[in-house]
Undergrad: 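What follows is a single structure, and I will ask about it in a moment.
Each ligand, and each atom within it, is numbered from 1 in the order the structure gives.
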Amino acid sequence: MTDDSKTGEREGLRRVAPNPKMAPSGLVMEFPLPIGRTTEFITPSEKLFVLAHLGVPQIESDSWSFDLVGLFGSPRSLRYADLAQFTPKTVRSFHQCAGNPLEPNKPMRIIANVEWRGVLLRDILEQAQIAPSCRYIWAYGLDYGAFKAPSYSSPLQEHYVKDLPVDYVMNHDVIIATHLNGEPLSPKHGFPARIIAPGYYGTNSVKWLCRVEAADRRANAYFTQELYNDRIPGSDTRKPVWEIEPESIIVSPGTGSELSPADVLISGWAWSATEVESVEVSTDGGVTWADAEVEPRENACWQRFGYQWVVNHTGHYELLSRATDRNGRTQPLDGARNSVHRVGITVVT
Ligand SMILES: Nc1nc2c(c(=O)[nH]1)N[C@H]1C(S)=C(S)[C@@H](COP(=O)(O)O)O[C@H]1N2
Ligand SMILES: [Mo]
């Protein structure tokens with residue numbers, strides 16, 4: 001298709017592949033795992049959240065292919081079977097939805113930790129002779145439609161399009177994934193193939209991949225420039241929702257627990273784009289903080305933390321956890337996507 005699009009000048013609005021059936025069409029959100037119930041290190045697939053802005057396209061792997069276009073010496077189209085020529089790559093990684101793009105400062109803590117398998121995107125880019133002038137990799141999904149949330153509706157989107165800095169793709173294990181926890185992807189998780197960008201918010205991991213474009217500039221698309229592009233207070237510039245900020249959740253004790261005076265283990269998960277170096281816990285609503293024990297990071301997984309709390313007095317307590325990563329970034333107390341998690345509990349006799 002050419003750029004005589006009826007819907008505007010954003011690249012994401014131009015259709016470049018036949019329309020699959022959308023079933024269902026429209027926003028799909030499934031959050032089967034309540035915060036504070038995430039005790040398993042690897043989240044079972046049936047407990048993994050689902051986020052699809054436009055719906056779920058139904059695709060046959062036999063007829064599916066994706067195109068490499070743009071700044072390549074040797075652009076090409078690859079079918080499902082062609083992926084077998086690349087070395088398989090397994091990535092164990094936390095997977096986090098950035099939350100509602102219309103409320104970027106509201107913490108949602110939609111987090112899981114799963115195993116993906118596929119092939120390294122950089123191997124494919126190199127085979128297609130990516131040009132040195134490439135700065136961004138654009139990924140197109142086959143899904144289309146309008147993004148409708150309560151009291152909000154986007155213009156018609158002819159693809160879900162995201163972009164990634166090429167340096168990130170070349171220096172991290174960004175994969176085209178075909179498997180989740182050892183099984184082929186289900187339709188809602190991106191069958192036949194999707195991007196997985198470990199360390200980046202889930203919004204960047206484009207499902208139902210149909211095109212990889214090498215470009216010298218950011219994609220001027222709805223989900224790259226309009227949504228998931230944070231306003232910086234007091235500035236005209238915006239920050240794309242790419243690298244995951246440090247975050248932690250208290251899994252135990254759960255909100256509303258009633259405990260007896262005793263030794264209480266406060267435990268949970270911490271994660272960030274880079275390894276989490278320390279987690280502090282507060283048992284007095286954030287007045288004082290103590291260091292928790294943090295397990296080292298495995299691959300790109302979340303890390304367990306624990307703090308042994310000796311509680312002698314009855315009453316109501318507010319427990320908080322705060323993660324700091326290797327880059328020295330730490331969680332703010334309020335007003336951000338990664339604000340600290342607070343859990344209210346009561347100690348009774
Ligand atoms: N094509 C496409 N890819 C997409 C989306 C989408 O709407 N369309 N949603 C993104 C968002 S916001 C998230 S959080 C993850 C969710 O992946 P999951 O549903 O497999 O957990 O997919 C991302 N990839
Ligand atoms: Mo998301």
Side-chain angles (χ1 to χ4, degrees), residues 12 15-17 19-20 22 24-33 38 42-59 64 66 91 93-104 106-118 138-149 154 157-164 174-181 183-212 219 221-224 226-230 240-242 244 247 337-338:
R15 190 74 196 170
V16 298
N19 285 357
M22 297 291 287
S25 64
L27 180 61
V28 176
M29 292 195 293
E30 293 175 15
F31 305 128
L33 197 61
T38 46
I42 294 289
T43 311
S45 304
E46 68 277 6
K47 291 192 194 162
L48 180 58
F49 62 85
V50 178
L51 206 301
H53 297 80
L54 313 174
V56 177
Q58 301 295 322
I59 302 160
W64 173 84
F66 72 98
V91 172
S93 176
F94 54 80
H95 178 53
Q96 182 176 20
C97 174
N100 185 346
L102 306 169
E103 292 182 292
K106 186 170 166 194
M108 299 294 285
R109 313 184 212 282
I110 305 165
I111 177 74
N113 190 59
V114 292
E115 182 178 293
W116 307 99
R117 191 169 83 232
W138 303 359
Y140 292 58
L142 277 162
D143 44 336
Y144 59 93
F147 169 50
K148 291 196 177 114
S154 79
Q157 301 300 301
E158 294 202 359
H159 285 282
Y160 181 86
V161 178
K162 297 294 295 186
D163 56 14
L164 301 168
V174 176
I175 61 173
I176 295 184
T178 51
H179 287 69
L180 162 65
N181 289 342
E183 303 284 338
L185 294 171
S186 62
K188 49 191 187 183
H189 289 300
F191 184 84
R194 70 179 298 174
I195 301 283
I196 287 296
Y200 269 26
Y201 285 103
T203 173
N204 301 289
S205 289
V206 172
K207 303 194 265 191
W208 314 294
L209 188 66
C210 69
R211 170 186 273 226
V212 169
Y222 204 75
F223 292 97
T224 57
E226 194 69 33
L227 299 178
Y228 301 107
N229 204 14
D230 290 348
V241 177
W242 281 332
I244 289 183
E247 202 166 328
R337 178 180 288 119
N338 63 328

Undergrad: Donor-acceptor pair, Y144 side chain versus P20 backbone, under 3.5 Å?
TA: yes
Undergrad: Please list the nearest protein heavy atom to atom 14 (S) of ligand 1 with its residue and the distance rounded to 0.1 Å.
TA: C97 CB, 3.4 Å
Undergrad: If you measure from each non-hydrogen atom of H95 to ligand 1, which part falls under 4.0 Å: side chain, backbone, both or neither?
TA: side chain
Undergrad: Look only at the side chain of K207 and the backbone of L51, and say whether a donor-acceptor pair between them is shorter than 3.5 Å.
TA: yes
Undergrad: Hey, is the main chain of E226 close enough, under 3.5 Å, to the side chain of N229 for a donor-acceptor pair?
TA: no
Undergrad: Is D163 reaching over with its side chain to a backbone N or O of A219, donor-acceptor style, under 3.5 angstrom?
TA: yes
Undergrad: Any nitrogen or oxygen of A98, side chain or backbone, less than 3.5 Å from one on ligand 1?
TA: no
Undergrad: As an exercise, identify every atom of ligand 1 less than 4.0 angstrom from a heavy atom of W208.
TA: 1 (N), 2 (C), 8 (N)
Undergrad: Does ligand 1 have a heavy atom under 4.0 Å from the side chain of L51, from its backbone, from both, or from neither?
TA: both
Undergrad: Do we see a donor-acceptor contact under 3.5 Å between the side chains of S93 and Y200?
TA: no
Undergrad: Among all protein heavy atoms in this structure, tell me which lies nearest to atom 11 (C) of ligand 1, with the distance rounded to 0.1 Å.
TA: T203 CA, 3.5 Å
Undergrad: Can you see which heavy atom on Y222 is nearest to which on S154, and at what distance?
TA: CE2-CB, 3.5 Å
Undergrad: Counting heavy atoms only, which part of R194 comes closer than 4.0 Å to ligand 1: side chain, backbone, both or neither?
TA: side chain
Undergrad: Quick check on contacts: which atoms of ligand 1 are under 4.0 angstrom from a heavy atom of H189?
TA: 18 (P), 19 (O), 20 (O), 21 (O)
Undergrad: For A52, counting its heavy atoms only, list the atoms of ligand 1 lying under 4.0 Å from any of them.
TA: 7 (O)
Undergrad: How far is atom 3 (N) of ligand 1 from its nearest protein heavy atom, and which residue and atom name does that atom have?
TA: K207 N, 2.9 Å
Undergrad: Taking it one step at a time, do F49 and L33 satisfy side chain to side chain contact (heavy atoms under 4.5 Å, CB included)?
TA: CA-CA 7 Å; F49 62 85; L33 197 61; over 6 Å; no
Undergrad: At a 4.0 Å threshold, what atoms of ligand 1 neighbour a non-hydrogen atom of V206?
TA: 1 (N), 3 (N), 24 (N)
Undergrad: Examine the proximity of ligand 1 to S205 and report which part, side chain or backbone, both or neither, has a heavy atom under 4.0 Å away.
TA: backbone
Undergrad: Side chain of R337, backbone of A98: donor and acceptor closer than 3.5 Å?
TA: yes
Undergrad: So, regarding W116 and ligand 1 (criterion: nitrogen or oxygen to nitrogen or oxygen, under 3.5 Å), is there a contact or not?
TA: no
Undergrad: For atom 23 (C) of ligand 1, which protein heavy atom lies nearest, and how many Å away is it?
TA: G202 O, 3.2 Å
Undergrad: Please list, in number order, the atoms of ligand 1 under 4.0 Å from a heavy atom of V50.
TA: 19 (O)
Undergrad: Quick one, H189 and L48 - any side-chain contact, counting heavy atoms below 4.5 Å?
TA: yes
Undergrad: Does ligand 1 have an atom under 4.0 Å from some heavy atom of G190?
TA: no
Undergrad: Check whether any side-chain N or O of T43 sits under 3.5 Å from a backbone N or O of N113 as a donor-acceptor pair, and report yes or no.
TA: yes
Undergrad: Report the part of Y201 in contact with ligand 1, treating N, CA, C, O as backbone and CB onward as side chain, heavy atoms under 4.0 Å; options are side chain, backbone, both, neither.
TA: neither
Undergrad: Mark up the atoms of ligand 1 that fall under 4.0 Å of a heavy atom belonging to D143, in ascending order.
TA: 1 (N), 2 (C), 6 (C), 7 (O), 8 (N)
Undergrad: Please check: side-chain N/O of W242 versus main-chain N/O of N204, any donor-acceptor pairing under 3.5 Å?
TA: no
Undergrad: Counting heavy atoms only, which of Y160, Y228, F223 is nearest atom 2 (C) of ligand 1?
TA: Y160
Undergrad: Donor-acceptor pair, W208 side chain versus Q58 backbone, under 3.5 Å?
TA: no
Undergrad: What protein heavy atom is closest to atom 12 (S) of ligand 1, reported as residue, atom name and distance in Å?
TA: H53 CE1, 3.3 Å
